[in-house]
Amino acid sequence: MPLPSRPPAIPAMTRYFVKKAITLLILLFLVSITVFAVLFALPGDPAQIILGINATPETLANLRAQLGLDRSFSAQYFGWIGGLLTGHSSMSINYDMPVFDLILSRLAVTGPMALMAMVFAVVISLPLGIYAARRQNRTGDVTVMFFTQLGLATPEFWLGILLMLLFAVHWKLFSAGGFPGWSADFIGSFKALLLPAFALGVIRAAILTRLTRSSMLDVLREDYVRTARAKGLRERTVVYVHALRNALVPVLTILGLQLGQLLAGAIIIENVYYLPGLGRLVFQAIGQRDLPVVRDIVLFMAAAVVVVNFVVDFAYAALDPRIRVK
Amino acid sequence: MRRLLKRFFSNLNFSLGFVLSFVVVAMALVSLVWTPYNPNRMNPRDRLQGPSISHPLGTDQYGRDTLSRVMTGAVNSIIVGLVTVAIGLTVGVLLGLAAAYYGRFVDEAIMRFSDLLFAFPAVLTAILITSVLGPSMINAMLAIGVFYIPIFARLTRAVAQGVWQQEFVTAARASGIGEWAITRRHILPNILSPLLIQGTIQFAVAILAEAGLSYLGLGTQPPNASWGRMLNEAQTFMNLSPWMAIFPGVAIAWAVLGFNLLGDGLRDTLDPRMVKVR
């Protein structure tokens, strides 16, 4: 008698992905509800803010109806989130343009700056971390660890101010803030982002150097590294080919999880250097009571943190099968 | 007790951290009864001075003494550290204990709630809170404290889950001791060391976060002295008086380094796994 055919087993990776994706969607929904609810509770009438104190009750009522402020909480929430999902974001009160377009234009500053900061962080931390691990407890290691402690204790914006003091005020090699715009002056724009990205990157590098060092030390104690050495491979091959690849997995994870801190740092550093990025936009929007801008940018940043965490979790599971089995 | 102290002080991180943080705490305490000058009194004749015998750290744009303001800024930073850790610790430990004890749906719900809070870095929470309630030191502390809740909740849950599975807890249950009594007698003492270590490190992070928020104008409001706010004011006068941009930053880095090293030292000494590795 033929055996009854069993339904094909769902691969562990797919099951893990679906489970994580559902959690991600729920979390994004909760994030959007939180942002909306907090700003919904805000005292003050946005219509009044737009029209000023001399507006007549009729014009106020008209504008409230036009902005949808006279609708219920759920109607306003679903109107807002539905608009975002279909590509129709709210209008900025102050800039009179869709917030989505505003975010895109400002990302042209924040995006490259964050990317440059990450490049600085990786370029500084990997060699230093490997160097410190190979000289564990010797002078070189202790010196590197001392500087990473200093890095962890230094506020990014203070480092930004010090760099400005040195390179812009004292040596006059850079401008003390501002951003000419990519199309107007590409080199100038790149130069304008160098110091703030360096300030952001060096602080990230302090964390990543410590992590690379400890991860490298763990891997260097593994049996396969001993085997590689026993086979007579050159030390350089053992460290850079065999050990580094495995040591990098936790480092890459933390690199991804650093995004939240990087965005938080960007908000402050953009204000130090007067850069027209997302951080400065949201900061100015608070002062101008431009709520659609505050709401959409906070949602954008929080959603970015959640999505990157999801990608990191997923990538980690793809690299390490033990995670998805758990 | 003497043996414990000897063990702590034989650790370099702890000793160095203790000395650095002691200076900050002592400076804050002294400033409550004495500062070289009134930190908020303006003196236009002495404005933007460099370090001198009468003003060891110089003066700001209003002629206020920087040393006196750095000293009172220490009080501000310590209050922020204490309050934010207290908020995170109280709510986080309760949530973590509940998640570890009840498991299943409660655990899942609390963990998703902490995921939600994690999505908002302190600056973002501060922006949200400030938009609603306006900028103030209390709102900045609230923002940082809320960000700490998931950190302490996850830590408590992880450690408490491990302790609940220990044999001595099973034995205590079998002998008829109530769940609350087990939590009080066995679970809490076991999670105390990791909480103390994490609390010290988050104390340092709070000083950094408050400085950043005050720099943006979302934290401590003028004329009260805050190290972050002082750096904001210094930036405008950087050309004329670079000193203004140096000392408040040194104070922040000093305090954060001190409490970070103290936390590292506590971990080296109190965490048995670390001791075993050594």
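Proteins get letters first, then strands, A, B, ... in listed order; numbering begins at 1 in each. What you see is a predicted model; the values in this text were computed from it and never measured.
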Given heavy-atom pairs under 4.5 angstrom as the criterion, report whether the side chain, backbone, both or neither of [X] touches chain A.
{"X": "B:Pro242", "result": "both"}
{"X": "B:Phe259", "result": "neither"}
{"X": "B:Val250", "result": "both"}
{"X": "B:Ala211", "result": "both"}
{"X": "B:Ile246", "result": "both"}

**Message:** Between B:Asp107 (side chain only) and B:Gly103 (backbone N and O only), is there a donor and an acceptor less than 3.5 Å apart?
**Reply:** no
**Message:** Whether the side chain of A:Trp158 engages the backbone of B:Ala245 through a donor-acceptor N/O pair (distance < 3.5 Å, no angle test) should be reported.
**Reply:** yes
Using a cut-off of under 4.5 Å on heavy-atom pairs, state which of [options] scores highest against chain B.
{"options": "A:Val306, A:Val38, A:Thr154", "answer": "A:Val38"}
{"options": "A:Leu263, A:Val169, A:Ile297", "answer": "A:Val169"}
{"options": "A:Ala303, A:Ala264, A:Gly265", "answer": "A:Ala264"}
{"options": "A:Thr34, A:Leu162, A:Leu28", "answer": "A:Thr34"}
{"options": "A:Val282, A:Asn309, A:Ile267", "answer": "A:Ile267"}

**Message:** Does B:Phe118 form a side-chain contact (heavy atoms from CB on, under 4.5 Å) with A:Val305? I'd like the steps, not just the answer.
**Reply:** CA-CA 9 Å; B:Phe118 253 142; A:Val305 173; over 6 Å; no
**Asked** Hey, are B:Gln202 and B:Gln198 close enough side-chain-wise for a donor-acceptor pair under 3.5 Å?
**Response** yes
**Request:** Decide whether B:Thr220 and B:Glu210 meet the rule of one side-chain donor and one side-chain acceptor closer than 3.5 Å.
**Result:** yes
**Item:** Listed once per pair and sorted, the salt bridge (charged side-chain N to carboxylate O under 4.0 Å, His left out) pairs that draw on residues 242-265 of chain B, sequence neighbours left out
**Value:** A:Arg210-B:Asp264, B:Asp264-B:Arg267
Report the option among [options] that has the most heavy-atom pairs separated by less than 4.5 Å from atoms of chain A.
{"options": "B:Ala253, B:Ala122, B:Gly249", "answer": "B:Gly249"}
{"options": "B:Leu124, B:Leu261, B:Asp115", "answer": "B:Leu124"}
{"options": "B:Asn232, B:Ile129, B:Leu128, B:Asn260", "answer": "B:Leu128"}
{"options": "B:Gly258, B:Gly212, B:Pro135", "answer": "B:Gly212"}
{"options": "B:Leu208, B:Leu117, B:Ile207", "answer": "B:Leu208"}

**Request:** Taking all non-hydrogen atoms of both residues into account, name the closest pair between B:Arg47 and B:Thr59 and its distance.
**Result:**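 B:Arg47 and B:Thr59 have their closest heavy atoms at C-OG1, 3.6 Å.
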**Prompt:** Ring centroid separation for A:Tyr273 and A:Phe179, is it under 6.0 angstrom?
**Reply:** no
Below 4.5 Å from any heavy atom of chain B, which atoms of [X] appear? Answer side chain, backbone, both or neither.
{"X": "A:Val31", "value": "both"}
{"X": "A:Val294", "value": "side chain"}
{"X": "A:Leu159", "value": "neither"}

**Test ring-ring contact (aromatic ring centres under 6.0 Å, His included) applied to B:Phe14 - qualifying residues, sequence neighbours left out** =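 ring-ring contact (aromatic ring centres under 6.0 Å, His included) list for B:Phe14, sorted by chain: B:Phe8, B:Phe9.
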**Message:** Any salt bridge linking B:Glu108 with B:Arg104? Criterion: basic side-chain nitrogen under 4.0 Å from a carboxylate oxygen.
**Reply:** no
**Request:** Give me the ring orientation class for B:Phe247 and B:Trp243: parallel if the planes are under 30° apart, tilted from 30 to 60°, perpendicular past 60°.
**Result:**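 Parallel, since the angle between the ring planes stays under 30°.
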